[in-house]
Amino acid sequence: MKVKTLRALGRDSSLANRIHALAEGGEDWRRLLDFWLPTTVMEPDDVKRERHKWATYSPHLPLIVNLLLGSLFADPPTMDGLPDPTWERLEADCDRVRTSWASFFRDRVSDAVLYRRAWTWVDVPRSEVVAQTAAQENEVLSRVYLRAISDRSVMRWSCDATGVLEAVLFHDCVEASDDIVSKPTKVLRWTAIDSTRIRRWTWSPSESEPEPTDESEAVQEPEIVHGFGRIPVCMYELNDNQWIGKRLHDPCVAHIRASNELAWTIHRAAHEMLVVISRTEMKTPTVGTLRWLQLRTHETGPADKAEYIGPSGASIDKQIQHEQTARTELYRAAQMLHIAANPTAAGALQSAEAKARDMEATALLLESLTDGAIDYMTEVGKLVGFVLGLADEQIADIKAGGLRGEEDKSPTAWMEAAALAPDLIAASPTAAKMIMLKQATILMDDLDSETIDEIEDEIEAFLGGQQPGTGMVPEGAETPDDTETPDGAGDAAE
């Protein structure tokens, strides 16, 4: 297949590339300087080059995303329903490069927040030996692992009438080298995955063709029939309100332009222009070793004079206000206005009620992201169970959890919450056990797993003797009425 045919299948990635530059900064950001800081009317080329040379970028977008993800993943994710050996392996290393399950899905949620979608490919290692028995096949499937697909590399996908993913096509670039001391070559790959097979086309450079052209031929590798009966890829898609990357794109661009215009104005104003005023024919001023500038005097009238001229500073004050407004609107668009850095008195006078409303908006955004991330991990977990060949009943029980780090985890908050639910504690020993165990882990956050297990056993032993919160003996347990009394004790009592 021609390279140009494969490239024509791609989608417009200009917005994703700009969001990527805002998230990464550095050289990725500087490559798009013509977009961030366009040419002004009648601006000379040398002035534009100088202005771009002094351009800087304050990375507010990655700061906002990291704050959201830090709150979202403050508590590690959990998974119920997968076989213990599989989950223990995936929890510590889910992609065969020692990436934990929590770190892997933190990156996937980050991709979704920036680019709207995240993709996870549930794959099994390639085996040179064809499995001859069910045991050998199960051994291969038990080594299932996850592969991340960047949304920026996804060229197209299709879904059925119910919205279930059917096929996906993506491209990537890998480096191949026969020896560590030899120069690596970049191999372009296009991969198509559907419910039955995996197809891949590759292009490698050669002496006659060091770079791909439209007429270059991409070689198709032998296709792989995975036999799962469904596509082994999960897509996680956010709605417009959750898509932080697009929502902050325009405010970030506005702040970049406002801050660089302010910096450029200050840079130009810092170099005031020297003007020499003379009553005679203008000549080159005399500069001596002991005097910076020698001015002439005249027999009649005032002597020559020199002055420095520059802007008054009024425009700079206006630009400072404009830059502060742009920064405030940036955080307002992210529903995180309460953390916007505003050193002015107006920012300090923001009411506690307004800050509380901003924090409530952030909490609502975090709650929606938490629910979506848990659903996404559950979907991936169910796909892992499907690949492992678990029964439908077992797959239905697979459920992700955790990710409640945005909640108040202080011991006082847990004590207050427990005090507000005495009926729950009295009626449910399981709820009482979980509350006690949670309070113990928060009060002593440096506990090892063995100590936590001992505390859990002690809590179970304690709750086994009485109903929590009531002091009542559980039904079926021995009571004073059931115990034997000494002979005559009852008569004496009567």
Is [X] salt-bridged to [Y], going by a charged N under 4.0 Å from an acidic O?
X    : Y    : answer
R18  : D250 : no
D172 : R189 : yes
R332 : E329 : yes

Where do V253 and H249 land on the side-chain contact (heavy atoms from CB on, under 4.5 Å) test, with the steps shown first?
CA-CA 6 Å; V253 174; H249 173 269; 4.1 Å; yes
Among side-chain atoms of [X] and [Y], is any donor-acceptor pair under 3.5 angstrom?
X    : Y    : value
R200 : T191 : yes
Y236 : T120 : no
H60  : R327 : no
S150 : S153 : no

Near R98 CZ, under 6.0 Å, is it more than 12 heavy atoms from other residues, nucleotides or ligands?
no
Is it the case that atom CD in E27 sees more than 12 heavy atoms from other parts of the structure closer than 6.0 Å?
no
Please tell me if the side chains of D375 and K399 come closer than 4.5 Å, counting only heavy atoms from C-beta onward.
yes
Would a line drawn from the ring center of F228 to the ring center of F386 be shorter than 6.0 Å?
no
